[in-house]
Amino acid sequence: MYTSNKVVSQIKEALINAVKAAQANGALAVAEMPDFIIERPADRSHGDFASNIAMVGARVFRSAPAKIAAAICENISFDGTLIEKCETAGPGFLNFFVKPEYYAEVLFDIERDGKEYGSSDFGGNKKVMVEFVSANPTGPMHMGNARGGALGDCLAAVLTKAGYDVWREFYVNDAGNQIEKFANSLNVRYLQKFDPNLEFPEDGYQGADIIDHAEAFYEINKDKYLNVPEEERKKALVDYALPLNINKMQSDIAKYKIIYDKWFFESELHNSGEVNEVIEILKKAGLTYEKDGALWYKNKEVLTKKLLAEGKSQSDIDKLELKDDVLVRGNGNPTYFTADIAYHRNKFVKRGFDLCIDVWGADHHGHVARLKGAMDSVGCDSENLHVVLMQLVKLVRNGELVRMSKRTGKAIQLADLLEEVPTDSARFLFNTREANTQMDFDLDLAVQEDSQNPVYYVQYAHARICSIIKALMSSGVALRKCSTDELMLLSSDEEKDLINHLASFENEIVTSAKSYDPTVITKYVTQLATLFHRFYNACRVKGDNESLTAARLMLCNCAKTVIASILEMFNIDAPEVM
């Protein structure tokens, strides 16, 4: 157990014992212990830790919070702990101050665990799949995919650090309606080589990539497919173009430093019969009906029951205007929704994942409840499916919205972004804003090499520490193991603030994992860099006191270790020289 958590446990035990002692001597009424929290105050002058036990205990103990706090303070003991004292504040808060040994113990934790410091067993080694990007393979990846890629990959990294067994997956929609549209679009573009006046379908894919594929296919095959049956021609076009698109996706993703455990193809679900399996399950459950030649799923009935069970009123449910969904079209082809049910059932039932997290664009908001309801309908627990909805991202240069690539003159794609912006910068910056907020991605900021660029600022802190250690070593001062007494010399506010921040790393990892929000960690490491720079500007590392020099050098190295650990976790370089 890390020192920070050890202290929280010590405070909790001391509080419980103090309440029992106060009850025994009549200072507090005998009652059940209330639920209370122990946290770090925002302002360290209010203590290193604080508890609300007196506030939440007012009703239980039938007494004013200030009186409860006073009774606890009179009966509390910190023997054998790292707590120095306890004070009451305001209407009844209890503030706790640690002993100097605490700061030494935190640094010993980091020295012992190295880059593993901050790891948690919170996840209990549960199998978790994070599915993210899953861009339509019929066209290039866009800015939403860029944000989703950075978010999903870094979230997976946080979950791993928090003790989950994590699997990254990309779902390739290589079947269904969008592939049929892809085939139709390619087909017409190819035929237009022979008849330029041939009308292009209104719902076809208008992208230049479709024209490029058709042109290349024509150069290879000329009129070979002109007079063959249309289905044969469309199949040949898709067999040619789709692998090229997927290979380009994989190449761009690799450049983005994302490594998936599996690229899962929708066609696998159709070929294995799993799509038909879910259709039969829903039929047997009485949750389907036929209308207009199609097979429908009783989505409205399922969600109404679910919402009523959750306490929603029928009038509120009616306002949602719930509708049923088509499972199989009149032409006999299953819909995307049906394949999605089969895919998520595959995750839970076939592959045994305990928790599944999807990173989707905000435009999929309406799909979340439908899919969760369907999961319950096919025997899976929808509580184990979590969807992170991601808002739009806008590209900005010189304060103005950018829509087109300078290189191609077309809509900016992920590949264009990575040609203009360092990958490390993109991965970090996309994780500086929570997924549920719209984001302006500043192209100028992303390439700046100064403290205004968050990733440069953090990388510079790491490089600065490396430089400090190297300079001291060249002058004969090397890193060495310090004693507790030596580390207790780190007593300035700047030193304590930095160590306290280092001590909170595991809690930040758990908070980030609980909220599925990697921005918790980018903010944490940015603040860590700030606190290091503040310490370094206030405290001269090499001084006349050899023991203090050794202690400060160890503190520098501990800060370096944690910064490097976070950058490595997010697959961002930790340079030693800048």
Evaluate Val275 against Glu266 for side chain to side chain contact (heavy atoms under 4.5 Å, CB included), listing each step before the verdict.
CA-CA 10 Å; Val275 173; Glu266 181 186 339; over 6 Å; no
Are any of the side-chain heavy atoms of [X] and [Y] separated by less than 4.5 Å?
{"X": "Met55", "Y": "Pro91", "result": "yes"}
{"X": "Cys356", "Y": "Glu131", "result": "no"}
{"X": "Glu180", "Y": "Lys234", "result": "yes"}
{"X": "Asn173", "Y": "Phe265", "result": "no"}
{"X": "Ile53", "Y": "Met33", "result": "yes"}
{"X": "Arg433", "Y": "Val393", "result": "no"}
{"X": "Lys283", "Y": "Leu295", "result": "yes"}
{"X": "Phe61", "Y": "Pro34", "result": "yes"}

Between [Y] and [X], is there a side-chain donor-acceptor contact under 3.5 Å, judged purely by atom types and distance?
{"X": "Arg233", "Y": "Asn187", "value": "yes"}
{"X": "Ser377", "Y": "Tyr297", "value": "yes"}
{"X": "Gln391", "Y": "Asn436", "value": "no"}
{"X": "Ser504", "Y": "Asn507", "value": "no"}
{"X": "His270", "Y": "Asn276", "value": "no"}
{"X": "Asn346", "Y": "Glu274", "value": "yes"}
{"X": "Thr522", "Y": "Thr519", "value": "no"}

I would like to know whether Glu419 and Lys255 meet salt bridge (Lys or Arg N to Asp or Glu O under 4.0 Å); could you show each step before the answer?
CA-CA 10 Å; Glu419 285 188 8; Lys255 188 175 180 181; 5.2 Å; no
For atom CG of Asp35, is the number of surrounding heavy atoms from other residues, nucleotides or ligands below 6.0 Å larger than 12?
no
Just wondering, are more than 12 heavy atoms of other shown residues or ligands nearer than 6.0 Å to CD1 in Ile259?
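No.
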Lys NZ or Arg CZ of [X] over [Y] ring: under 6.0 Å, within 45°:
{"X": "Lys193", "Y": "Tyr218", "answer": "yes"}
{"X": "Lys127", "Y": "Phe353", "answer": "yes"}
{"X": "Arg189", "Y": "Phe200", "answer": "yes"}
{"X": "Arg147", "Y": "Phe441", "answer": "no"}

Worked verdict on Asp324 versus Lys291 for salt bridge (Lys or Arg N to Asp or Glu O under 4.0 Å):
CA-CA 11 Å; Asp324 291 341; Lys291 186 179 79 170; over 6 Å; no
Mind checking the [atom1]-[atom2] spacing from [X] to [Y]? Nearest 0.5 Å is all I need.
{"X": "Leu418", "Y": "Thr423", "atom1": "CG", "atom2": "OG1", "value": "5.0 Å"}
{"X": "Ile179", "Y": "Asn333", "atom1": "CD1", "atom2": "CG", "value": "12.5 Å"}
{"X": "Ile258", "Y": "Ile253", "atom1": "CD1", "atom2": "CD1", "value": "4.5 Å"}
{"X": "Ile341", "Y": "Ile281", "atom1": "CD1", "atom2": "CD1", "value": "10.0 Å"}
{"X": "Leu237", "Y": "Glu232", "atom1": "CG", "atom2": "CD", "value": "11.0 Å"}
{"X": "Leu355", "Y": "Asp165", "atom1": "CG", "atom2": "CG", "value": "11.5 Å"}

For the residue pair [X] and [Y], does the interplanar ring angle fall in the parallel (under 30°), tilted (30 to 60°) or perpendicular (over 60°) class?
{"X": "His213", "Y": "Phe182", "value": "perpendicular"}
{"X": "Tyr336", "Y": "Tyr171", "value": "tilted"}
{"X": "Tyr225", "Y": "Phe217", "value": "tilted"}
{"X": "Trp360", "Y": "His364", "value": "tilted"}

Option from Tyr260, Trp167, Phe170, Tyr256 for which ring pair (Phe, Tyr, Trp, His ring centres under 6.0 Å) with Phe132 holds
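Single pass found, and it is Tyr260.
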Identify the two heavy atoms, one from [X] and one from [Y], that lie closest to each other, and give their separation to 0.1 Å.
{"X": "Ser515", "Y": "Val520", "value": "OG-CG2, 4.3 Å"}
{"X": "Phe428", "Y": "Pro454", "value": "CE2-CB, 3.6 Å"}
{"X": "Gln178", "Y": "Asp174", "value": "NE2-N, 4.4 Å"}
{"X": "Leu159", "Y": "Ala513", "value": "CD2-CB, 3.9 Å"}
{"X": "Leu567", "Y": "Val458", "value": "CD2-CG1, 4.0 Å"}
{"X": "Ala146", "Y": "Leu417", "value": "CB-CD2, 4.1 Å"}

Could you tell me whether a side-chain N or O of Arg427 sits under 3.5 Å from a main-chain N or O of Phe570, the two making a donor and an acceptor?
yes
Among pairs that include at least one residue of residues 298-307, which meet salt bridge (Lys or Arg N to Asp or Glu O under 4.0 Å), considering only residues two or more places apart or in two chains?
Glu301-Lys305, Lys306-Asp376
Report the C-alpha separation of Leu269 and Phe264 in whole Å, then their side-chain angles, then the decisive distance to 0.1 Å, and conclude whether the side chain to side chain contact (heavy atoms under 4.5 Å, CB included) test is met.
CA-CA 9 Å; Leu269 298 169; Phe264 189 104; 3.6 Å; yes
Could you check Asp444, Val402, Leu445, Asp440 and say which one makes a side chain to side chain contact (heavy atoms under 4.5 Å, CB included) with Val396?
Asp440
Test side chain to side chain contact (heavy atoms under 4.5 Å, CB included) applied to Lys323 - qualifying residues, sequence neighbours left out:
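Checked Lys323 against side chain to side chain contact (heavy atoms under 4.5 Å, CB included); zero matches.
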Working for side chain to side chain contact (heavy atoms under 4.5 Å, CB included), residues Phe505 and Leu528:
CA-CA 10 Å; Phe505 183 33; Leu528 175 53; over 6 Å; no
I'd like to know whether Lys347 forms a salt bridge (Lys or Arg N to Asp or Glu O under 4.0 Å) with Asp358, so could you lay out the CA-CA distance, the side-chain angles of the two residues, the decisive distance to 0.1 Å, and finally the verdict.
CA-CA 12 Å; Lys347 295 179 183 183; Asp358 295 342; 3.0 Å; yes
